[in-house]
Peer 1: 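Here you go, one structure.
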Amino acid sequence: MAADNISNGLVPDWRYHVDVIEGMNYRDDDVFMCAFPKAGTHWIWEITTMLLDGRPEYSPVSKVTSMLEFSTTDELDRLTSPRLFNTHLPYKLLPSDAVRKGAKIIFLQRNPKDIAVSYYSMLKQKKNAFPGNFNDWNQLFLFHPGNSYLTVYPKNWFEYTLEWEQVMRSEQRLNLHMIYYENLKQNPVEEITRLSRFLGSSTETMYISEVANKCSFRNMKKANIETKDLSRLQGEKTMFDSMFRKGEVGDWKNWFTVAQNELFDKVHSDKMRECSFLYQYTV
Ligand code: A3P
């Protein structure tokens, strides 16, 4: 499945970009946004773009234009500063020069049950992208190692998240701001103010409120249909629709059976027993 999804353009082939990323020309005001797929990357990207621009206006381009694993060196070099990169690649594949020099990193998290549902829904919107049912998907999400059938990315959700936890414990140079999707959903103005402070941007209340309003689920969905140049998605309209599917906390309850939920909780508590991250499954 993973290879099919690369060849049909559903996801980029990160393996061809590792050298580009490591050799990129880092600028002091570059910002890196990291998230596991389906954590709400488009949402935070749009908010952060507005904060860096100092104007609550939608970017005319989609976030794929600044995805590290999707871009050539020339494309990265052509972006105007301050550049906001985004990636689903794990910490170890970020440009080491940037990390060493204290680049600002935004790390977005979301509860893994909603991530699993959102990911499954995205693949189902794309014909043949995942042939199984939700139970098959749940098994893959829980048990398959990264770099395998489940995902074209090198780590599954557990591996990806545990790596960040480990890095946050041990890496003194890390200049990181962590956001939880659920907190942003509940307290957008407060969370956007925290983010803006981290970026060194304005924290003026009217301005932050306008950013929050422009980036509400309904407004962003509409704006993305009306204003974005989607040519980089190679006509994948159905895939793009799944980027703005429901935008809720707790949709997983409409998908998981009691047994699937119990299994998920058990595996999660086994694999994440040393991990300090806490997730909200309902609001
Ligand atoms: P759902 O599939 O649960 O609706 P990513 O951008 O990382 O691919 O994540 C996509 C998920 O973020 C989708 O979740 C999508 O609906 C949700 N999302 C996108 N924009 C949002 C917004 N403005 N507010 C809340 N959720 C949003």
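Read the numbers this way: they start at 1 and go in the same order the structure lists the ligands and their atoms.
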Peer 1: For residues M220 and F244, report the shortest heavy-atom separation together with the two atoms involved.
Peer 2: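 What the structure gives for the nearest pair is CE-CE2, 3.4 Å.
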
Peer 1: What residue and heavy atom of the protein are closest to atom 13 (C) of ligand 1, and at what distance?
Peer 2: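 Heavy-atom neighbour on the protein nearest atom 13 (C) of ligand 1: S118 OG, 3.7 Å.
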
Peer 1: Using the side-chain contact (heavy atoms from CB on, under 4.5 Å) criterion, which residues pair with V283? Sequence neighbours excluded.
Peer 2: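 With sequence neighbours excluded, V283 shows a side-chain contact (heavy atoms from CB on, under 4.5 Å) to E182, Q186, V249, Q280, given in chain and number order.
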
Peer 1: Got W43 and F217 here, is their nearest side-chain heavy-atom distance under 4.5 Å?
Peer 2: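 Contact flag for W43/F217 side chains = no.
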
Peer 1: I want to confirm something. Looking only at heavy atoms, which of K38, R110, E46, E248 is nearest to atom 3 (O) of ligand 1?
Peer 2: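 Nearest option to atom 3 (O) of ligand 1, by heavy atoms: R110.
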
Peer 1: How close do R27 and S81 get, heavy atom to heavy atom, and via which atoms?
Peer 2: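 That would be NH1-OG, 2.8 Å.
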
Peer 1: How far is atom 16 (O) of ligand 1 from the closest protein heavy atom, and which atom is that?
Peer 2: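 Looking only at protein heavy atoms, the one closest to atom 16 (O) of ligand 1 is R245 N, 3.1 Å.
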
Peer 1: Of the protein's non-hydrogen atoms, which lies at the shortest distance from atom 21 (C) of ligand 1, and what is that distance?
Peer 2: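 In this structure, atom 21 (C) of ligand 1 has F217 CD1, 3.6 Å as its nearest protein heavy atom.
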
Peer 1: Inspect the contact between E210 and K214 and indicate whether a charged nitrogen and a carboxylate oxygen are less than 4.0 angstrom apart.
Peer 2: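 Judged by the 4.0 Å cut-off on N to carboxylate O distance, K214 and E210 do form a salt bridge.
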
Peer 1: Do P37 and ligand 1 have an N or O pair less than 3.5 Å apart?
Peer 2: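 For ligand 1, there is no N or O atom that lies under 3.5 Å from one belonging to P37.
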
Peer 1: Evaluating non-hydrogen atoms only, which member of F244, W252, Y181 is closest to atom 20 (N) of ligand 1?
Peer 2: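 Of the listed residues, F244 has the closest heavy atom.
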
Peer 1: Are the ring centres of W255 and F141 closer than 6.0 Å?
Peer 2: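 Ring centroids of W255 and F141 are no less than 6.0 Å from each other.
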
Peer 1: Could you check whether R169 pairs with E165 (Lys NZ or Arg NE/NH1/NH2 to Asp/Glu carboxylate O, under 4.0 Å)?
Peer 2: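 Answer for the salt bridge query: yes.
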
Peer 1: When you look for heavy atoms under 4.0 Å from ligand 1, do you find them on the side chain of K246, its backbone, both, or neither?
Peer 2: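 Both of them.
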
Peer 1: Got the closest protein heavy atom to atom 23 (N) of ligand 1, with its distance?
Peer 2: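 Minimum-distance protein heavy atom for atom 23 (N) of ligand 1 reads C215 O, 3.0 Å.
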
Peer 1: Should one rank K185, H42, K63, M243 by closest heavy-atom distance to atom 18 (N) of ligand 1, which comes out on top?
Peer 2: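 Checking each option, the heavy atom nearest atom 18 (N) of ligand 1 is found in M243.
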
Peer 1: Could you identify the single nearest non-hydrogen protein atom to atom 9 (O) of ligand 1 and state the distance to 0.1 Å?
Peer 2: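 Result for atom 9 (O) of ligand 1: G40 N, 3.1 Å.
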
Peer 1: Between side-chain atoms of residues 93-100 and protein atoms elsewhere (two or more places apart, or another chain), which donor-acceptor pairs fall under 3.5 Å?
Peer 2:
from : atom 1 : to   : atom 2 : distance (Å)
S96  : OG     : E22  : OE1    : 3.4
S96  : OG     : E22  : OE2    : 2.5
D97  : OD1    : R100 : NH2    : 3.1
D97  : OD1    : K101 : NZ     : 3.2
D97  : OD2    : K101 : NZ     : 3.2

Peer 1: Side chain, backbone, both or neither: which part of A35 has a heavy atom under 4.0 Å from ligand 1?
Peer 2: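 Neither part.
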
Peer 1: Give the atom numbers and elements of ligand 1 that come within less than 4.0 Å of a heavy atom of S216.
Peer 2: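 Answer, ordered by atom number: 23 (N).
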
Peer 1: Any atoms of ligand 1 less than 4.0 Å from a non-hydrogen atom of T41? List them with their elements.
Peer 2: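 Checking each atom against T41, I get 5 (P), 6 (O), 7 (O), 9 (O).
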
Peer 1: Relative to the ring of Y120, is the ring of F130 parallel (under 30°), tilted (30 to 60°) or perpendicular (over 60°)?
Peer 2: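 Taking Y120 first and then F130, their aromatic rings stand perpendicular (interplane angle over 60°).
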
